[in-house]
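Here the structure comes first, spelled out in structure tokens, and everything after it is commentary.
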Amino acid sequence: MSKQSSIFNFFAKSPPLTAKAKPSPSPTEADLPSSVKKSNTSPKEEAKQAESQGTKKIQSKTNTSDAKEGFSKLFGDKTPAIKESPQPCPFSAGGLVWAKLEGHPWWPCMVVPQPLSGMQLRGRGRDQRLHVHFFDEPPTRGWVNVKYVREYQGSDSSDAKTGGMFFSGKPVIRRAMDLADRVLPDSPEKRLQIPLCTDPSEDEEEDEEDMEVDKSTLSDEELGEEEEEEVVKTKPSRRSARAKGEKGQKPKRRRIVVASDSEGSDEEFKPEAEGSSEEEEEASSGVDEVEEESEPESEPDSPVKSIKRKRPAEKPAKAKVSPILPAQPVKKVAASLSAITADTKSKLSAFSAPESFESQGGGAAGEGSTVWDHERLEWLQEGRRKDAKRRRPGDEDYDPTTLYVPEDFLNKATPGMRRWWQLKSEMADTVIFYKVGKFYELYHMDAVVGVSELGLTFMRGTWAHSGFPEIGFSRFSDGLVQKGYKVARVEQTETPEMMEARCRTMARPTKFDRVVRREVCRVITKGTQTYSVLDGAPSEMQSKYLLSVKERAEGESTGGRRAYGVAFVDTSMGRFHLGQFQDDRHCSRLRTLVAHFSPAQVLFERGNLSAETQKLVKASLSSALQEVLVPGAQFWEAAKTLKVLAEEDYFKESEGLPAVLKGMTSESDSLGLTPGEGYELALSALGACIFYLKKCLVDQELLSMANFEEYLPVDVELEQADGASSFFAQTRQRMVLDGVTLANLEVLQNSSTGGMEGTLLERLDSCCTPFGRRLLKQWLCAPLCNPASISDRLDALEDLMGAPGPASEVTELLKKLPDLERLLSKIHSMGTPLKSLKGHPDSRAILYEEVTYSKRKIADFLSALEGFKTMQQIISALAPAAANGFRSRLLQQVAVQKTDSEEGLFPDLSAELQRWDTAFDHQKARSTGVITPKSGFDPEFDQALTGIKDSERDLQDYLDRQKKRLGCRNLAYWGTGRNRYQMEVPDSVSERNIPEEYEVKSTKKGWKRYQTREIEQLFSELQGWEEKRDAALKDCMRRLFYNFDQNYRDWQTAVECMAVLDVLLCLSRYSQGGDGPMTRPEVLLPEDTPESRPFLDMRGSRHPCVTKTFFGDDFIPNDIFIGCPGDEAEEECSKEEGQATCVLVTGPNMGGKSTLMRQCGLVVILAQLGCYVPAESLRLTPVDRVFTRLGASDRIMSGESTFYVELSETASILHHGTGHSLVLLDELGRGTATYDGTAIASAVVKELAERIRCRTLFSTHYHSLVEDFARDPAVRLGHMACMVENECDDPSQETITFLYKFIRGACPKSYGFNAARLASIPEEVIQTGHKKAKEFERSTVTLRVFRQLCSFAEDPKPDVERFASLVRMISEL
């Protein structure tokens, strides 16, 4: 019976069975494990449906009284008695687990008995299922396969955190984890007392004869975001159709219900192609490597192959009579079965899915084969592969992105598969999503990737083959792209009718011509995602860049200096940056660039990068996708770049090259085809970007935005500064934070997991908008240096803090804004006419979910309009506060309209928004996916409507004249479509009165229908206007988007203003909500006099990201004074020492030295960001750059040792440090021998303190270093205080209490044995080490005494006190 059901479900009007058969999976469900639905929502519906499977069998075995008793048990007891399961249960009742319904994410659950039967386990083998309670609000329950059950260990376990198997950022799952964590400490018995799901499933409420709800009857909410109804119609198999044709019946279609996003997708693609066998075969299937080419018949009407997947064999369920279909005798069913031919059965079984998608690792599913057909091809074997030009991998110019496919192999392939191999030959490194009808198919090696990476299902056969419906493109393509794959979307760009028309124009079309044309419409990579309506929403808010780099060595005499040309673009917003700069041998500026603008993909020229740059790419950009381009052909020279920009008309709308690019061309060349001096590398790097964007087919939509900015390294202006005042008075100058500093201070990412937890960005970021978050990151990477600009930002914070009511209202309104920066780019892409003018393949693509995509476009557009309306409300909310006058000029610019104030920059959008409000019916467009413009908005559409009205009026006037002529008031027009406007004349009108020009078209009882030449002429004019109206309506949406995009600058300015406002509100919330006192920093402009030196006066400062110590105590605030005397009450501090710019920091291990240094750096960054700081007071002169040398790490991928990394970072400090820099150096020299390390550290301290004279915190455990600089006026001593109890020769008796207080003076010891004891080093090892330490200490002191004694002997004027001191030291020895 199971077999009969699975076959008959393929035919919509087959005789029904007496037993209820499960619906068979459709050909599109190859991507779903075991042909189940997929959803991203809470598994409530899935739980109910899964539960119904178990309860129906039980109900059929019980009588009415038993059922009543079961329901009383279900609703009366919350924790029913547990009955013994048929098999031992791997999890006990009350146990917490992770469970996963097929098609849903992992969910926190609790094992509970089924309320009706008391069973918690059912089934055997692979079908064994466990009954669980889903933590949700309200709770749900259901049966879950035991292979998808794992033990729950809490939300803080590694598996539940970022990168773990169960990690999810969805709020509903995070909420479920919180509910599970609450009962985690309880015993299983106590857990079972919590409120459980007592709602009966649908099957428990309904009679056993009720038919279960079909998926197609569920509401959109129940189906989730990616499941709505689609219907695809195809013809039955050839032989069954022929058999029915012999009986005089029409061929019947079968219905296939597939998972979809579309709404109202009852409109089907009906090609109705009638051609020769090869094309009909191709139109219906696209590809078929099994079917013979000489087959006489095919399926011209079907865009999808008639083969159908078959559900795996299951145990026959009990027979059930369907109330919808009339009962039929079993004999009749058996007779019908015999009519199904062997050929049909073979086709049906070809798409049968395996029992478990986990068992599909290799080989043809179900046939025992372990090697796919493509793995047997000799020219694909390792060592025999060649590129498209037949070069082998060892050859110099080998291109791994192409593949040689033999011509004789292509000639033997079917037309569809031949086209696939041709495309694969051109893009061997790309996964091809190949459109066949309504589905994207993956073949051969791509199918293997799809199954292993996406969980798709192999179709039966010896060749690897999988696929999914068109509507699932965004989910599956993004899944591969995020894993580093390239994805090509190949679309059908003609219908079978168009193909037939093309073939009729050819003299002798071959079978390869008689195939619907397919073209690559888009190639998506990690660095080129544009998030179109097909791609779906972005997975992250921060920008991801496509970076192109070109290098030129400057020669040996320059000390290893080099020049770089860079171009990088955020394709989601269409914003290009390009620039050229000089760099040192350590690639400092390039490292800073990649730290500030994290690239997702890097392009570089083959053989161009130096060894040092290759090390950087290998180490710092290891996670980015890296692409090597061929010089000249792919990585263009500057002249070719300018030539292509001129020829392609990218900037036709903006009338010539953008100003930034124009400034990079030679002044002597008015045509702009010659690169300017100093910009050759930058324009060449831009050429590589343009080449790659052309390859990905997004160059037109991105470059036509003409959104270019010149990139200047942050420290370029620093080099050009003449003096402190002239330098810091430049508003554009920013503080330099290179990649090392950002990493060491954990500004953007933490060092443990690479996430945002515990970083300064996470602590600050309470922005409400995605574009605000992106701007905050930019501000954080480049704080201000101009004291006036810093003060203006601080004034803005105080203005907002002084108006809490409007600020709170604005915050709530900002939360409603979508990602308008990306939406503006998307609207530009949807509206640009370049795609159709330049013949972009996407403009010809046949998309079956066109209505769905149209609805998405309209939803995005309306979302943007609503967002700009909300911005108007935000400006209105701030108007009362602005009327009183903001102290901050910046706030005045972003929060006041241009029309209201000269200083305001926010554009007046009210008139434009009002125009768009009346342009079309928004609600109708949202529901239908069609925009019908109102009168006066679209001239072409209005002209067509006017023509239609005039033609209809003329036809009505003609009818009125004929009524008078014939004397008949009943005269009227009749007809539909092309048969409209036939005059219907009753027989009561005499034939003699009928004019001669009247021509009979049709008749009915009592009436005759006529037409005249004048009617035909008027009707022809009407049809012409209707065609113009339809054409205008078809292109209307694009023209409306294009019209909207004409005001791009105003829209973009509004977004930029809101981004600044969002960040200012974010900083104001941090300034008000800090843990402890927050103060406004005072940044002073240094004067150009020798007496005025840079200084830092920080009192009561705390770490911005740490509020508690490791032991849970409050964070201890500290004072830091560099270059200033600090507390004047300290008499010990001399004037010279008070001006010391270098502070040597000592203290015990784990005493807080590194924390103090990080704290100092972060507080300075916050101050120059224009934010309140966690301190009692802060005064400083601007810091032009923060250098750090913290922690110990190697770069093993670059072949650099720990000590080498230390010295490289130190070298960068010594080369680039200025008197206005802040240097944080932690334990330099520990990676080498003690003497070498001490010597290097001493030399570096001397250089920093005496020559560069920058503000420095230098921590060390070299106590000899401290002694050397104890009397140096340029160096001050400080240490982290600690309290030692029971200090003696036995380290095990010492008790050390860390005070975490930074005070003057040096620490006598590092107390390393205390750290050893805390780290659980064995006691005997500690004792042995302590004895050795005593010996080292004695020899060191002896050497020191001897050196001082020699010095005393050479002193011409011996000092008595010094002599007495020497005597004491000798006696102590």
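Note that the structure is a prediction, hence the values are computed from the model and not measured.
Residues forming a side-chain hydrogen bond (donor to acceptor under 3.5 Å, both in side chains) with E653 (at least two apart in sequence, or on another chain): Y1042. Remark: Y650 engages no residue in a ring pair (Phe, Tyr, Trp, His ring centres under 6.0 Å) (not counting sequence neighbours). Looking at residues two or more places apart in sequence or on another chain, you find a side chain to side chain contact (heavy atoms under 4.5 Å, CB included) between A706 and F651, S654, P658. Contacts of D765 classified as salt bridge (Lys or Arg N to Asp or Glu O under 4.0 Å), with partners at least two apart in sequence or in another chain: R773. With sequence neighbours excluded, no residue forms a side-chain hydrogen bond (donor to acceptor under 3.5 Å, both in side chains) with T1053. Applying the side-chain hydrogen bond (donor to acceptor under 3.5 Å, both in side chains) test to E1026 and every residue at least two apart in sequence or in another chain returns R980. Listed by chain and residue number, K815 satisfy the salt bridge (Lys or Arg N to Asp or Glu O under 4.0 Å) test with E812 (two or more places apart in sequence, or in another chain). Listed by chain and number, the residues in a salt bridge (Lys or Arg N to Asp or Glu O under 4.0 Å) with E453 are K483 (sequence neighbours excluded). Evaluation of the ring pair (Phe, Tyr, Trp, His ring centres under 6.0 Å) rule for F576 yields F708 as partners, not counting sequence neighbours. Taking the side-chain hydrogen bond (donor to acceptor under 3.5 Å, both in side chains) definition, one finds that T528 meets it with T525, sequence neighbours left out. Listed by chain and number, the residues in a salt bridge (Lys or Arg N to Asp or Glu O under 4.0 Å) with D699 are K694 (sequence neighbours excluded).
The nearest pair of heavy atoms linking P469 to Y440 is O-CD1, 4.4 Å. Taking both residues in full, the closest heavy atoms of P538 and Y531 are given as CA-CE2, 3.3 Å, listed atom of the first, atom of the second, then distance. Across every non-hydrogen atom of I827 and A864, the tightest pair is CD1-CB, 3.9 Å. M705 approaches G574 most closely through the heavy-atom pair SD-CA, 4.0 Å. Of all heavy-atom pairs between L776 and C767, the closest is CD2-SG, 4.1 Å. Contact record, I858 with V930: CD1-N, 3.8 Å, taken as the closest heavy-atom pair.
Within the 4.5 Å cutoff, the side chain of V894 has no heavy atoms near those of the E1056 side chain. In this structure, the side chains of M830 and E701 stay at 4.5 Å or more apart for every pair of heavy atoms. By the 4.5 Å heavy-atom criterion applied to side chains, L546 and L693 are counted as neighbours. Using a 4.5 Å cut-off on side-chain heavy atoms (C-beta onward), F468 and L442 make contact. In this structure the side chain of D535 never reaches within 4.5 angstrom of the side chain of Q529, judged on heavy atoms. Within the 4.5 Å cutoff, no side-chain heavy atoms of D1050 are placed close to those of E912. Proximity of S829 to T530: side-chain heavy atoms (C-beta onward) are nowhere separated by under 4.5 Å. Side-chain contact check for R489 versus S477: every heavy-atom pair is 4.5 Å or farther apart.
Counting only residues at least two apart or on different chains, the side chain to side chain donor-acceptor pair (under 3.5 Å) pairs with a member in residues 932-947 are D938-R1039.
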For this session: For the pair V520 and M427, evaluate side chain to side chain contact (heavy atoms under 4.5 Å, CB included) and give the outcome as yes or no after the intermediate values.
Result: CA-CA 10 Å; V520 178; M427 46 182 68; 3.9 Å; yes

Exercise. When you look at D842 and L697, which way does the side chain to side chain contact (heavy atoms under 4.5 Å, CB included) test go after all the steps?
Worked result: CA-CA 9 Å; D842 235 355; L697 297 156; over 6 Å; no

Exercise. Going through the distances and angles, do F937 and R915 end up as a side chain to side chain contact (heavy atoms under 4.5 Å, CB included)?
Worked result: CA-CA 9 Å; F937 200 87; R915 188 169 78 96; 3.5 Å; yes

Problem set entry | Pair K435-V490, side chain to side chain contact (heavy atoms under 4.5 Å, CB included): steps then yes or no | CA-CA 6 Å; K435 178 65 80 62; V490 177; 5.7 Å; no

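For D570 (side chain) and S543 (main-chain N/O), no donor-acceptor pair under 3.5 Å exists by modelled atom type. Remark: the backbone N or O of G527 is paired with a side-chain donor or acceptor of Q601 at under 3.5 angstrom. Remark: the backbone N or O of G831 is paired with a side-chain donor or acceptor of R1038 at under 3.5 angstrom. For S843 (side chain) and G839 (main-chain N/O), no donor-acceptor pair under 3.5 Å exists by modelled atom type. Side-chain N or O atoms of T870 include one that pairs as donor or acceptor with a backbone N or O of E866 at under 3.5 Å.
Between E470 and K438 there is no salt bridge, since no side-chain N of the basic residue sits under 4.0 Å from a carboxylate O of the acidic one. Ion pairing between D819 and R774 holds under the 4.0 Å rule for side-chain N and carboxylate O. Classification of K857 and D860 as a salt-bridged pair fails, no side-chain N sitting under 4.0 Å from a carboxylate O. Taking the charged nitrogens against the carboxylate oxygens, R517 and E519 have no contact shorter than 4.0 Å, which rules out a salt bridge.
Expressed to the nearest 0.5 Å, how far SG of C521 lies from CD of Q492 amounts to 10.5 Å. To the nearest 0.5 Å, the span separating NE2 on H922 from CG on L862 amounts to 5.5 Å. In this structure, L820 CG and M1058 CE are separated by 10.5 Å, a value rounded to the nearest 0.5 Å. Considering CD of Q897 and OG of S876, their distance stands at 7.0 Å, rounded to 0.5 Å. The CG atom of L534 sits 8.0 Å away from atom CD1 of I471, with the distance rounded to the nearest 0.5 Å. One finds the OG atom of S766 at 8.0 Å from the CG atom of D1062 (value rounded to the nearest 0.5 Å).
Separation of the F1041 and F861 ring centroids falls under the 6.0 Å cut-off.
Relative ring orientation between W916 and F1044 is described as perpendicular, the plane-to-plane angle rising above 60° on a 0-90° scale split at 30° and 60°.
R978 CZ: 12 or fewer foreign heavy atoms inside a 6.0 Å radius.
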